[in-house]
Amino acid sequence: MPEADDKSAQDYAPQVPQKSEAFFLRGSGALDWGMKNRLARVFDPSSGRTVMLAIDHGYFQGPTSGLERVDLRIVPLLPYADSLMLTRGILRSVIPPSSPKPIVLRVSGGASILKELSAEGVAVDIEDSVRLNACAMAVQVFIGGENERDSILNMTKVVDWGNRYGLPTLAVTAVGKDMKRDARYFRLATRICAELGAQVIKTYYVEEGFETVTAACPVPIVMAGGKKIPEIEALRMAYKACQEGAAGVDMGRNIFQSEHPEAMIQAVRAVVHRNETPEKGLALYEELSNRP
Ligand code: R5P
């Protein structure tokens, strides 16, 4: 069937080769279009990093300090976050559907602080993740924990679902109270998650050898924040993690438990996206905190 309109050969620009863009995230070049597109919403393609705001703590510990009123304390932070990690309960009940921020949906659960934390299952169906327009699904993995096998298989189930529907899986490496948090452990935990198919891994920063953790993990690592520490220390940790290979942070308490959460998240952005030093980040935090 001939084309309806007459075109000249020039319209096809036969001498101009079609551009083929390399995908910006490590280890993600062979993923499908939908998954890459979702990852490109979670991670900023211009820096290759993300400031993911983690507010999912309630799924095992109830109303955590700073998260008592997500509507009052967290919603004002949304403009400064690249992505938001949370449960479907808080998403549906509190987060405005008009928010353009990509959602990283917590899909594992089933444990509480009153019992064994590693006793989790998959607690959200893939259909609900799709219905909620999630850009990724987050699953806790307890390497060395009491329910290691179950938690790994939770993750592989979610990875299989995600591969079917184009949603990446974020594996969250959870460390038991009595376990040693060192580079050797995190190399093991992150590599297992990546080998079994997770497209992004969340792990803690360690002072010694963090660069070996990121080097040995073939997919992007985001740094977990952990307990609230002074702002300058949190900024130092985020800075060093990024300089040592992390593709950003997935931070909660060090942002929303700060005295000035809006100032803090902007300071974190400066060190993560603009490679500002922690001292410059702190100066920005102080300047913004003092603004009326
Ligand atoms: C991990 O257990 C959950 O995703 C946490 O709710 C999240 O990692 C906590 O973030 P942060 O340690 O920075 O408060």
Side-chain angles (χ1 to χ4, degrees), residues 42 50-68 70 73-74 77 80-91 103-113 115-124 134 136-148 151 154-155 158 168-177 179 181 186 189-190 193 198 200-206 221-231 233-242 246 248-258 261 264-265 267-269 271-272:
V42 172
T50 187
V51 173
M52 190 184 296
L53 179 59
I55 61 158
D56 60 329
H57 309 57
Y59 92 95
F60 69 99
Q61 61 180 35
T64 307
S65 303
L67 295 179
E68 297 88 346
V70 171
R73 201 162 169 96
I74 300 299
L77 304 180
Y80 309 108
D82 294 302
S83 48
L84 185 63
M85 180 196 197
L86 78 177
T87 60
R88 63 178 168 184
I90 291 293
L91 180 62
I103 298 302
V104 178
L105 193 66
R106 159 66 58 184
V107 299
S108 64
S112 83
I113 44 169
K115 288 189 181 167
E116 169 55 41
L117 281 181
S118 67
E120 287 194 352
V122 178
V124 178
M137 298 176 287
V139 185
Q140 215 77 352
V141 182
F142 297 83
I143 302 296
E146 205 171 306
N147 296 288
E148 176 187 83
S151 74
N154 290 339
M155 183 197 77
V158 172
T169 297
L170 168 69
V172 181
T173 59
V175 194
K177 275 188 200 132
M179 279 154 62
R181 293 181 180 215
F186 288 122
T190 56
C193 293
V200 183
I201 321 284
K202 170 175 175 169
T203 200
Y204 290 95
Y205 181 72
V206 284
I221 281 188
V222 288
M223 185 206 78
K227 281 190 184 143
K228 173 79 177 75
I229 50 180
E231 277 72 13
E233 287 176 32
L235 292 168
R236 263 191 206 124
M237 191 168 70
Y239 178 79
K240 286 193 281 188
C242 290
V249 298
D250 183 8
M251 210 179 236
R253 288 164 288 178
N254 277 293
I255 293 173
F256 62 71
Q257 290 180 351
S258 166
M264 185 56 181
I265 193 168
V268 171
R269 290 192 71 78
V271 303
V272 168

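Quick caveat: nothing in here was measured; it's all calculated off a predicted structure. All ligand and atom numbering here is 1-based and tracks the order in the structure. Residue numbers run from 1 in the order of the sequence given. For the numbers below, each heavy atom of this structure counts, side chains included, while hydrogens, waters and symmetry mates do not.
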R253-ligand 1 polar pair, N/O distance under 3.5 Å: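 Such a contact does occur with ligand 1.
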
Look at ligand 1 and say whether [X] reaches it with a heavy atom at a distance under 4.0 Å.
X: D56; result: yes
X: A174; result: no
X: R106; result: yes
X: Q140; result: yes

4.5 Å side-chain heavy-atom contact, [X] and [Y]:
X: T173; Y: I143; value: no
X: Y80; Y: V51; value: no
X: I74; Y: L67; value: yes

Where ligand 1 meets M251 - atom numbers and elements under 4.0 angstrom, heavy-atom basis: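 Contacts of ligand 1 toward M251, numbered from 1: 13 (O).
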
Proximal ligand 1 atoms for G225, defined as those under 4.0 Å from one of its heavy atoms: 12 (O), 13 (O)

Plane angle bin for H57 and F256 - parallel if under 30°, tilted between 30 and 60°, otherwise perpendicular: perpendicular

Shortest protein contact, atom 10 (O) of ligand 1 (heavy atom only):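 Checked against all protein heavy atoms, atom 10 (O) of ligand 1 sits closest to H57 NE2, 3.4 Å.
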
Protein heavy atom at shortest distance from atom 7 (C) of ligand 1: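 I find the closest protein heavy atom is K202 NZ, 3.2 Å.
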
Nearest neighbour of atom 12 (O) of ligand 1 from the list G226, G252, A224, G66, on a heavy-atom basis: G226

Heavy-atom pair with the smallest gap, counting every atom of A224 and M237: O-CE, 4.3 Å

Which atom of A81 lies closest to which atom of L53, heavy atoms considered: CB-CB, 4.0 Å

Side chains of T203 and T190, donor plus acceptor under 3.5 Å: no

